[in-house]
Structures are given as structure tokens and as C-alpha cells.
Amino acid sequence: MCSSTNFALLLYILFIVRTNADVIEILAKIFLEPNDVVVVILSQKEGYHAAHADYMRRQIYEQASALEKESPKVVLSHELDIKGSWTITPLLIYLSDKFPNTKWFFFCLENTMIQLAKLLNVLGKFDASQNIWIGHALYDHEPTIIHHFAKNIKKFKYPLMATGFGMTFNLVNSLSQQSYESWKTDFSIDASYEFAEFVLKSTNVKLMHIPKICIVSGPDCATYPRFFHPCSSSISLKNVYFAVKTCAKYHVNRIPVIKNLWAKHAINIGYFSDKADKNLREAYIVPNTTEGHCAKTYGILQRASNMMERYKYDWLVIGDDDTIFSVVRLLRLLTCYNPTHSIAIGERYGFRMWNSHHGYQYLTGGAGIVLSAPLVHNMIKTGVCNCPSATTPDDMYLFGVCLSRLGVEPVHSSMFHQARPADYATAYLASQEPISFHRFWMVDPEAIYDEWFAETDSILPKQPLKHTEL
Ligand SMILES: *[C@@H]1O[C@H](CO)[C@@H](O)[C@H](O)[C@H]1NC(C)=O
């Protein structure tokens with residue numbers, strides 16, 4: 001397609017059938033210049049993530065200079081300070097105002113690998129004056145909890161964020177004129193899905209699937225997601241404390257299951273329950289709650305804070321009794337963060353993100369939450385995290401409202417999962433190495449662990465059962 005012979009032939013054909021003015025117009029449409037594109041990286045403030053986004057920006061500049069062209073503009077969303085930019089919609093007005101002369105926006109993550117020349121080739125095939133949206137399309141096989149059990153499943157396509165997606169300026173501009181009033185959903189769970197719903201409802205534009213926007217790298221790919229790489233050799237399990245949140249009702253059905261799966265690898269682990277019984281004698285007692293669980297999780301943080309101080313643990317991992325982890329992948333992830341900083345890592349959800357005053361983001365509890373020691377101590381010692389009531393939703397309050405009061409922006413990792421593997425699109429899971437899944441409902445947890453984590457975790461020894469005394 002791109003060879004000079006074909007190019008000459010194309011020119012020749014154009015010249016014999018068209019006038020000069022027409023030719024210039026057609027060529028302008030076919031050949032997109034790098035600076036006709038604005039790349040928008042949905043980046044995060046935390047050092048490791050900011051560094052990745054910055055590296056990606058430099059890669060794009062270098063590719064443009066190798067093409068001897070003016071580079072695309074590259075926007076790092078975390079530098080803008082626009083609240084909720086990870087849900088995309090809050091960025092649209094800024095983008096269409098700031099870049100009125102661009103033809104395309106390309107939205108992606110900090111781990112999206114972009115082959116600039118190939119991407120320009122893909123985008124250049126479309127008429128940028130139209131409302132066009134292209135990406136790697138995902139769809140659900142059955143209604144799923146993470147998409148609010150929507151029924152229009154297979155027909156409804158949403159983009160794989162990690163490969164990025166392109167939108168013409170015209171489309172971004174018309175979306176930016178839509179009011180968020182028509183878009184009041186309380187929970188932001190899967191930003192790419194919810195954004196696709198917004199696009200369809202407000203402009204009737206559907207995502208077009210482009211095979212060259214790939215899930216795995218290949219010679220023809222314009223973009224593909226880069227898999228996670230640890231930042232150094234794996235950290236020691238001795239520095240991590242696992243807290244499992246349970247209650248007497250599940251001592252028999254759930255605790256033995258996780259003890260036999262991931263928990264057998266943990267060196268420091270505690271089970272936090274409403275009572276210690278013969279099925280779980282080692283349980284630590286925390287306040288009993290029937291819903292919301294703020295008092296219970298706060299109780300876990302208090303005891304964990306003591307333990308972390310006494311035994312000098314770096315990290316606290318809190319999971320439910322039906323959360324399944326890959327311990328090895330978790331340790332690898334933690335190599336990229338400094339445990340002396342205040343850090344909270346997990347799967348980010350949003351509550352009323354359309355409301356710029358009261359909306360907030362939080363880490364959803366079931367996916368598992370990782371907190372650094374100084375943050376755990378701060379949450380307890382400052383008193384700013386005291387639960388408004390025992391039944392306040394624990395994750396929304398403690399890992400949302402409270403973190404924001406402490407000035408800590410939660411770190412999102414798409415490798416944590418609040419739901420079961422079957423609740424996610426196949427290609428989505430294929431584009432990453434999951435760290436956690438959640439819920440034992442209608443699934444065999446052992447089969448999930450075997451399929452996703454067992455092989456990776458098999459490098460760890462099985463730990464003898466041990467109980468840390470307080
Ligand atoms: C905790 O609350 C549940 C539900 O109200 C109750 O069934 C259970 O007995 C309580 N546990 C304790 C130790 O009181």
C-alpha cells in the first residue's frame with residue numbers, strides 16, 4: 001500500500017481523472033500529518049505512573065522526529081488537574097477549546113504502545129471531517145455486573161482503553177457540547193464502557209473496530225498494550241501483611257478455600273471476623289457490621305497499624321474472604337512503588353463523578369486494596385478517617401473520601417478486579433496479567449485460581465500456618 005510505486009500510480013490516476021484542486025484535496029485527506037493528531041494519555045500523578053506517561057510522550061516525539069515531521073501534541077491528563085479525567089468526559093471541553101485546528105484525538109493509557117507512522121496510516125484512511133470513532137472493540141457475552149447488567153450486550157461495542165482509540169475533532173467537539181445532565185449515573189465502574197454509552201446516546205456514533213489496533217503486539221499493529229514489567233526483583237513477602245475480612249458465616253465455606261489457594265503463600269496473614277470459633281480459632285475480632293462495614297474495616301486498619309509498626313511491615317493488603325490474588329504478581333507490582341510514601345493501590349471506581357464538588361473516586365474493596373505503612377498509620381492517627389457510622393460503605397468512605405482528605409490520590413491498576421473473570425470481556429483480560437478476582441458466586445474459585453494464578457504463584461513455597469500475636 002505505502003510503496004512509492006503505488007503512490008506514483010495513485011498520483012497518476014488522480015491526475016488523469018481529476019483537476020489539480022481536487023487532487024490536493026484528496027491527498028490532504030489521505031495523508032495525515034503527525035501534528036494533525038493530539039495524543040491524550042489518561043495518566044496518573046503517582047511517580048511511577050507519571051514517569052511512564054512522560055516516557056511515552058518522549059517516544060512519540062522521537063518517532064515524529066525520525067519521520068522528520070512536527071510531532072503530535074501530547075497531553076498528559078494528570079498535568080491538567082481536571083477532576084475525574086479518567087472518565088474521559090470531563091476532558092472534552094478542554095480538548096476541543098484548546099486544539100481547534102486538530103483533526104484527530106487519540107486517547108490512550110500510559111502503557112499503550114504507539115507506532116506513530118502506522119497509526120497515522122490507519123487514521124488517514126478516514127475522512128476527518130466526519131464524526132468517526134475507531135478502536136479495538138470489546139463486547140460482553142452476557143449481561144455483567146460491571147456494566148450495570150445492561151441487556152443490549154453483543155451489539156454494543158466499547159473500546160479497550162489499553163490499545164487507545166481515535167476520535168475525530170468533530171466528534172469530540174460535538175460530545176463536548178452535550179450536557180452531563182443526560183448522563184447522571186451514580187457509579188463510574190468501567191470508564192470505557194460508560195463513555196461508549198455516552199457517545200451512543202448523545203451522538204449516535206458507534207465505535208468502529210480496527211484490527212490494526214491490537215491486543216497483542218504484531219508487525220502490522222498501529223498500537224498495542226504493553227504488559228506490566230516489574231521495576232526490580234520481587235520484594236520480600238516478609239514485608240507484606242495480608243488482612244482477610246470475613247464473618248462467622250463464612251468460616252467454613254470460604255476461609256478453607258482461600259487457605260488452600262493464595263493464602264497458603266502468605267507469610268503474614270490475619271483473618272478479621274465478628275467471632276473466633278472452632279472453625280477459625282485464630283480470627284481477630286473486629287466490630288460486627290451487617291452492611292457497609294466501615295467500623296469493621298476501620299477496626300482492621302487499627303490492628304494492622306499496630307502490627308505494621310511493631311513488625312516493620314511495608315505493605316497492608318486488605319481482601320474479602322472471597323477475593324482471590326496472585327501473590328507473585330502482587331509482589332511484582334509493589335516493586336514499582338516506594339513504601340515510605342503514602343500510597344493506596346487498587347481498582348478505581350467513581351461516585352457521582354459528574355458532580356465537580358461532591359463527586360469522588362475510591363478504591364473498590366472486593367478487588368483487594370494495598371496500602372503503604374505510613375498511609376495506614378496516617379489514616380488511624382489523624383482521626384480524619386473515623387467512620388460517620390458503623391454501616392457507612394467502607395471502601396467509598398475509607399478509600400475514597402478519607403484518602404482525599406489526606407491528600408492521597410488512589411493509584412488505579414486495571415490488574416485488580418472487583419468481579420469474576422466471566423464478568424469481563426475476553427480481550428480485556430487477554431491484554432493484561434490479572435492480580436485479583438472477586439466473588440465466589442456461581443463459580444469454582446479453585447478453577448479460577450488454577451486457570452489464572454496457580455502457575456505464576458507456584459514459584460513461592462507453601463507457608464506453615466502461623467499466627468502473629470499482638
Ligand atoms: C453479627 O451480626 C450478625 C447479623 O446481625 C449476627 O447474625 C451475628 O451473630 C453477629 N455476631 C456476633 C458475634 O454477635
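Hydrogens, waters and symmetry mates are skipped; everything else that's a heavy atom, side chains included, is used. Heads up: numbering here begins at 1 and tracks the sequence. Note that the structure is predicted; figures quoted are calculated from it, not measured. Counting starts at 1 for both ligands and their atoms, in listed order.
- For ligand 1, the atoms closer than 4.0 angstrom to any heavy atom of Thr290 are 4 (C), 5 (O).
- Looking at Ser273 and His251, their side chains do bring a donor and an acceptor atom within 3.5 Å of each other.
- We find that Lys249 and Asp274 are not joined by a salt bridge, their nearest charged nitrogen and carboxylate oxygen being 4.0 Å or further apart.
- Within a 4.0 Å radius of atom 9 (O) of ligand 1, the protein contributes no heavy atom.
- Side-chain contact of His52 with Asn111: a donor-acceptor pair under 3.5 Å is absent, judged by distance alone.
- For atom 14 (O) of ligand 1, the protein comes within 4.0 Å by at least one heavy atom.
- Distances below 4.0 Å separate heavy atoms of Asn288 from the following atoms of ligand 1: 1 (C), 2 (O), 3 (C), 8 (C), 10 (C), 11 (N), 12 (C), 14 (O).
- Residue-level proximity to ligand 1 for Asp274 is carried by backbone and side chain together, each with a heavy atom below 4.0 angstrom.
- When the options Phe437, Trp262, Phe325 are evaluated for a ring-ring contact (aromatic ring centres under 6.0 Å, His included) with Phe453, the one that passes is Phe437.
- Salt-bridge check for Asp277 with Arg281: failed, with every basic side-chain N at 4.0 Å or more from each acidic carboxylate O.
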